[in-house]
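Shown next, in structure tokens, is the structure this report addresses.
All chains are named by letter (A, B, ...) in the order of the sequence lines, taking the proteins before the strands, and each is independently numbered beginning at 1.
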2 protein chains.
Amino acid sequence: MDSPASSAYARPLPSISAIPFRHGRSGMAVPLLAEAEQERLATIGTRVHFSAGSVIHHQGDEADCIHNLLSGVVKSCAVSYDGSERVTAFHFATDLIGLAENDVYVDTTVALEPVDAFRLPLAALEALLMRDAEMEMHFLCKVCHELREEQRHAILLARRSARTKIVLFLHLLQTRGCLERGNDAEIRLPMKRRDIANYTGLTVETVSRALQGLKAEGILGVENPHSVSIADPARFAQLVRATANS
Amino acid sequence: MDSPASSAYARPLPSISAIPFRHGRSGMAVPLLAEAEQERLATIGTRVHFSAGSVIHHQGDEADCIHNLLSGVVKSCAVSYDGSERVTAFHFATDLIGLAENDVYVDTTVALEPVDAFRLPLAALEALLMRDAEMEMHFLCKVCHELREEQRHAILLARRSARTKIVLFLHLLQTRGCLERGNDAEIRLPMKRRDIANYTGLTVETVSRALQGLKAEGILGVENPHSVSIADPARFAQLVRATANS
DNA sequence: CGCCTTATTGACTTTAGTCAAGGTAAGTGG
DNA sequence: CCACTTACCTTGACTAAAGTCAATAAGGCG
């Protein structure tokens, strides 16, 4: 068991996790990079820190780097010109952020809490991948993983019931390890209700009503806005099974 | 190595298009593979044909290959326990299909019309990419492109108005070149209303009503179920601008 | 030609969105 | 340290819009 001091530190090296395209064993996401690869990747990048609320990449800015998250939660969102915001994804440790198109970032990425990350300049990364096909394969695998995640997001959005969307959203946080320290029945919600609404395609009012409805039925505990507890794990799991596809 | 000028017709080659991550010029999707790369890719694959309605990959089957589409339209869909189907994407020429996770396909892919494709065995492809970092970079770029496309799908799904979803869907087909021969104001709809419903998160009735509503306002012509014409291009373009994000 | 699938249309219901108000938590400055 | 201020969350009443159920019409295919 880690000491409180050491667990407070983020991983010192870049790390990328994904469910493999092939040769899968566990069915779970696994670290893709060998230690030597982590070291190699570290040589072209730098450790950086972002405080809660700070913008990591800005939509439309010239893309010169991506970030590999070490700790903390990040949202990426696209803003329409009418001002409405769509949250396209939440990102956690071992994720890559900074997707670009035609040299500009397609999303704004915002730290929802203090974030540690590895900054990887695109020019150096591209050069590294061109001479290290194995490393490049790991990046390919990771992007395939993100594509599948975005498909699951689309499946969530296609659901009609607000309750179902919220259950699937909470399950997402659960599987991404967004839990309170030392209590895996307590899901942390580092994002605001508005972010949940923009991710699930609902309004904040409906998000609130769905959460309170699940609380009223004794499935969830909602003591404060920043976390929910699974009060009835069996029924919660049943709801997830009933609504999850595949 | 060198092929006669006529062989482009006699023996079509694999082709992959995407909007580049970096070094973008036009803002449009461009072919990524040089002719020599197409030839190299062709050596590990075989030309295959699928008739309309045939299944190319089956969800849950062991993944042993992917396909690069040469012509025709393909849907990929995931089926839930309860039998309901979600269309995760439509695919066109120059796309790659056959996304897997833990060695099994995550979607069922179905030819919506006669399809020509290049079949690429995964083992050979993986070996090729591991010794050809440039080719691998093109695949990485393509998967990033598909990730952005799936984000756009998610943004479509997050819209509340049925009309908006249908307009964005038609615009998608327009930009993917799903047009009637020699008439770029006539959009082909090779999929059924049910597929459109499963892609947009609506019901078939609502899809029908949205299309008929746009027809009643003189924006679209809907002469038969398999195609729509843009009756008022200016107003249609205005609707797209008003609803498209970014 | 007739059967079966697909598409459209109508009447009604359900559900989430909207508008409005009240409550709670967090952060600020005296 | 506490009152103040603000942003965030929740709740309620009402509305709008899509879903559901049911019937009809149009296509496609043997």
Quiz item: Between atom CG in B/Asp195 and atom C1' in C/dA7, what is the gap in whole Å?
Solution: 13 Å

Quiz prompt | All ring pair (Phe, Tyr, Trp, His ring centres under 6.0 Å) counterparts of A/Tyr199, not counting sequence neighbours | solution = A/Phe90, A/His153, A/Phe169

Quiz item: Quick one: A/Lys192 NZ to D/dT10 C1', roughly how many Å, whole number?
Solution: 16 Å

Quiz item: Which residue pairs pass the ring-ring contact (aromatic ring centres under 6.0 Å, His included) test when at least one of the two sits in residues 200-241 of chain A, sequence neighbours left out?
Solution: none

Quiz item: Atom CG of B/Leu211 to atom C1' of C/dA7: distance rounded to whole Å?
Solution: 10 Å

Self-check item: A/Ser51 backbone acceptor or donor facing A/Ser54 side chain under 3.5 Å
Solution: yes

Quiz item: Is there a donor-acceptor pair closer than 3.5 Å between any side-chain N or O of B/Thr200 and the backbone N or O of B/Ile196?
Solution: yes

Practice problem: Using the test ring pair (Phe, Tyr, Trp, His ring centres under 6.0 Å), find all partners of A/His57 that sit at least two apart in sequence or belong to another chain. | Solution: A/His67, A/Tyr105

Practice problem: Would you kindly give the CZ-to-P distance between A/Arg194 and D/dC9, to the nearest whole Å? | Solution: 9 Å

Quiz item: To the nearest angstrom, how far is B/Lys215 atom NZ from C/dT9 atom C1'?
Solution: 13 Å

Practice problem: Take the protein atom CZ of A/Arg159 and the nucleotide atom P of C/dA16, then report the distance between them rounded to whole Å. | Solution: 13 Å

Quiz item: How would you list all residue pairs meeting salt bridge (charged side-chain N to carboxylate O under 4.0 Å, His left out) that involve residues 99-113 of chain A, not counting sequence neighbours?
Solution: A/Glu101-B/Arg148, A/Glu101-B/Arg152, A/Glu113-A/Arg188

Practice problem: Rounded to 10°, tell me the angle between the two end axes of the helix from C/dC1-D/dG30 to C/dG30-D/dC1, each built from five pairs. | Solution: 50°

Quiz item: Along nucleotides 11-28 of chain D, 5' to 3', which nucleotides get a B, which get an S, and which get a -, given that the test is a protein heavy-atom distance under 4.0 Å?
Solution: BBB----SSBB------S

Practice problem: For A/Arg86 and B/Ala154, indicate whether the former's side chain and the latter's backbone hold a donor-acceptor pair under 3.5 Å. | Solution: no

Quiz item: Using a distance-only test with no angle check, is there a side-chain donor-acceptor pair under 3.5 angstrom linking A/Thr109 and A/Ser76?
Solution: no

